[in-house]
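Everything on this sheet refers to the single structure shown next.
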Amino acid sequence: MLFDLHVRLVDPLVAPALLAPFLFWNTATAEEGNSFLADRHVSRGVQCQSCHTESGKLKEYKEFGICSSCHGDYDTVIKRTAGKFKDADPNPHDQHDGNLPCTECHHGHSASKNYCADCHSYTYNVP
């Protein structure tokens, strides 16, 4: 009987739910109430080492950095985000300044930035 209870506790379908709070306790939130892009990644199961080296720096990956290893190259991101910005046009990924590094706008551990707003009045909600 005791053996059956033990087997149920480590059932592959149950174990992740029990362990999740302990596996992801170290999120990227700087202070309570803030939610940054890294928190969004962690909540979706992406671990820190997926993007960062052991020393904490972003990993290198092709032309657009580690982001493109999951999100695709610039052309892929432009296609995936086409028509997504209902209140703003143009698509911020398909803009006249060329293919900017993802980190120009998207910041993992601090508030992201609307790069376009430096010159334009576009109101993008940048994750």
Can you list the residues that meet the side chain to side chain donor-acceptor pair (under 3.5 Å) rule with Q49, with sequence neighbours excluded?
-> Q47
Kindly write out the residues that satisfy side chain to side chain contact (heavy atoms under 4.5 Å, CB included) with S55, not counting sequence neighbours, or none if the list is empty.
-> T53, K57
Which residues pass the ring-ring contact (aromatic ring centres under 6.0 Å, His included) test with H107, sequence neighbours left out?
-> none
To the nearest 0.5 Å, how far apart are OH in Y61 and SG in C51?
-> 12.5 Å
K59 atom NZ: more than 12 heavy-atom contacts under 6.0 Å = yes
Across all chains, not counting sequence neighbours, the side chain to side chain donor-acceptor pair (under 3.5 Å) partners of H52 are H109
Begin from the C-alpha positions of V46 and R40 and carry the test side-chain contact (heavy atoms from CB on, under 4.5 Å) through to its verdict.
-> CA-CA 9 Å; V46 179; R40 187 173 175 173; over 6 Å; no
Where the side chain of T81 meets the backbone of V77, is there a donor-acceptor pair that is under 3.5 Å apart?
-> yes
Of all pairs that satisfy salt bridge (Lys or Arg N to Asp or Glu O under 4.0 Å), the ones with a partner from residues 94-117, not counting sequence neighbours | K113-D118
Report the distance from atom SG of C102 to atom NE2 of H71, rounding to the nearest 0.5 Å.
-> 8.0 Å
Sorted by chain and residue number, the side chain to side chain contact (heavy atoms under 4.5 Å, CB included) partners of C116 (sequence neighbours excluded) come out as P92, N114, Y122, Y124
Does some side-chain heavy atom of V126 sit less than 4.5 Å from a side-chain heavy atom of Y115?
-> no
Would you say the side chain of N99 lies within less than 4.5 Å of the side chain of H93, judging by non-hydrogen atoms?
-> no
For T76, which residues count as a side chain to side chain donor-acceptor pair (under 3.5 Å) partner, sequence neighbours excluded?
-> D73
Is it true that I66 and L37 fall in one hydrophobic cluster, defined by side-chain heavy atoms closer than 4.5 Å?
-> no
Note, H106 side chain near P127 side chain (heavy atom, < 4.5 Å) | yes
Those residues at least two apart in sequence (or on a different chain) that pass side chain to side chain donor-acceptor pair (under 3.5 Å) with S110 are none
